[in-house]
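In what follows, a structure is listed as structure tokens, so that the remarks can point back to it.
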Amino acid sequence: MLARRVIPCLDVHDGQVTRGIQFGRAEAGELRNVGDPVALAVRYNEQGADEMVFFDITASAHGRHSMIEVIERTADCCFMPLTVGGGIRTVEDMGQMLRAGADKVSINSSAVSDPGLIQAGAAKYGSQCIVVSIDAKRTAPDTWEVFVAGGRKSTGLRAEVWAQRAVALGAGEIVLNSINADGTKQGFDLEITRRVSESVGVPVVASGGAGSLEHMAEVLLAGRADAVLAASIFHFGTYTVRQVKEHLRQQGIPVRLDV
Amino acid sequence: MIALLDYDSGNIRSVEKALRFSGADVVRTRSAADLKNARGIVLPGVGAFDDCLQAMQRQDLDGAVKEWIGQGRPFLGICVGYQALFERSEEFNSCARGLGILGGPVVRFQPTAEEPHLKIPQIGWNQIELQREDCPLFQGLPSGSWFYFVHSFFPCPTDPSVIATRTTYGQSFASSVWRGNVFATQFHPEKSQANGLRLLKNFVDLVAAA
């Protein structure tokens, strides 16, 4: 049976892993430095992480260049799935990351401004390596809207509708990040995660809000997510990947533990 | 020396690194002429079936692989490099012919009565059930071992005796095959941590012994 995945996310700024306190603040310089991305990747690899996501929060040409080096160094010693996001705007940007050792590339704002990028990437590299990441914010009791540019800019798109469109264009996976929940450690937004997961036929990764072991289990069960992504709880040593998986197994969720 | 067939497949660097880590002397090979010093071939692959076969045809690697396998020499195909061994794919708009070394089509996952909401592609870690306990590629890798999968399609071998392992995702499918010195896996050993490295080491050892 396919295991549900537990995925540490590394926000990389100038070759270092950082963590913003709340959504969008990282870009404003409110960062806590967490360390060397490759050293962290090795640690999570040993803890049995199912995959690793590297996110370039500078989203600049310079940032992309240092990210290529981070991916290469990680792929040299961690024989596990790697996903890269942030600042990927062209099919050639995707190709650079994949050749460096990434298995999937994640696009967010650039997919909204140029949906053809999803199609072009999927045609060239296959849907299985094109991830569309969605930052969703609850703007009314029954409405979650897609925001871009690090959560600063509204798009008027409903999260479920955009997710369906992205999949129709060729996205092979959706990362759903709740802007309201991100950084709060109060739990994932179960409602929008479940809505998106039920409206698309591809795997959905839940992101934003992980603070406890119970949060991880509930977003996989009630939220119907296929994987959970978290940063702070791993970086600051609150839990190891293994502790999360042991808890999930106790809840009857299939996980890979014998690593 | 193991020839890693280079037709611009996205995962070539990862496969190369993992083979080296497993003790192999690896050379990237773009043409059939470069195969003369090789003792084993690895065909990597991600993405589309047609892209893989058309690129191989452009570089005249398709005939070379058929000849190599016909001579009974060691071969390992990974993911699309596994699917390429078959006759044809049901992938959307596919028109390329497979290598036809094994009989059967490459088909897409379908939701089932038990799992009507099956997510496609299958992305993540799944387990193998050994069908051929004597398969040297899986030495030290018992049933239940986890490997990393990322795919929407999988081959259906017409000859069930070539199936080395099966895996269940909505339905049971052939997650690897073995016939003589031909080995191929739907999962990615280069991304499957210790289990994947063990499998590649098994291949490197059998190439050395061949």
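Every chain is numbered from 1 and lettered A, B, ... according to where its sequence line falls, protein lines coming before strand lines.
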Check whether [X] gets within reach of chain B through its side chain, its backbone, both or neither, counting any heavy atom under 4.5 Å.
X      : result
A:A100 : backbone
A:A227 : neither
A:R5   : side chain
A:D50  : both
A:A171 : neither
A:E198 : neither

Straight-line distance of B:N195 CG to A:R256 CZ, nearest 0.5 Å
8.0 Å

Against chain B, work out which of [options] has the most heavy-atom pairs shorter than 4.5 Å and name it.
options                     : value
A:G172, A:G126, A:A75       : A:G172
A:K124, A:E51, A:R4, A:Q128 : A:Q128
A:G95, A:S127, A:S197       : A:S197
A:C129, A:A3, A:P81, A:G101 : A:P81

Tell me, for [X] versus chain A, whether the close heavy atoms (under 4.5 Å) come from the side chain, the backbone, both or neither.
X      : value
B:N11  : neither
B:L197 : side chain
B:S192 : backbone

Would the number of heavy atoms belonging to other residues, nucleotides or ligands and lying under 6.0 Å from [atom1] of [X] be above 12?
X      : atom1 : answer
A:R224 : CZ    : no
B:R108 : CZ    : yes
A:R249 : CZ    : no

Ranking B:R20, B:Q127, B:Q122 by heavy-atom pairs under 4.5 Å to chain A gives rank one to B:Q122

Highest number of heavy-atom pairs under 4.5 Å with chain A: which of B:P121, B:S145, B:S14, B:G144?
B:P121

Per the side-chain contact (heavy atoms from CB on, under 4.5 Å) rule, which among A:V204, A:V202, A:L2 passes with B:K119?
A:V204

Could you check whether any side-chain heavy atom of [X] comes within less than 4.5 Å of a side-chain heavy atom of [Y], counting everything from C-beta outward?
X      : Y      : result
A:M80  : B:K191 : no
B:K17  : A:F79  : yes
A:P254 : B:W125 : no

Evaluate the side-chain contact (heavy atoms from CB on, under 4.5 Å) criterion for residues B:I123 and A:K104: first the C-alpha distance (whole Å), next the side-chain angles of each, then the deciding distance (0.1 Å), finally the verdict.
CA-CA 11 Å; B:I123 300 181; A:K104 295 186 280 182; 3.7 Å; yes

I'd like to know if A:D76 and B:R13 make a salt bridge, using a cut-off of under 4.0 Å between side-chain N and carboxylate O.
yes

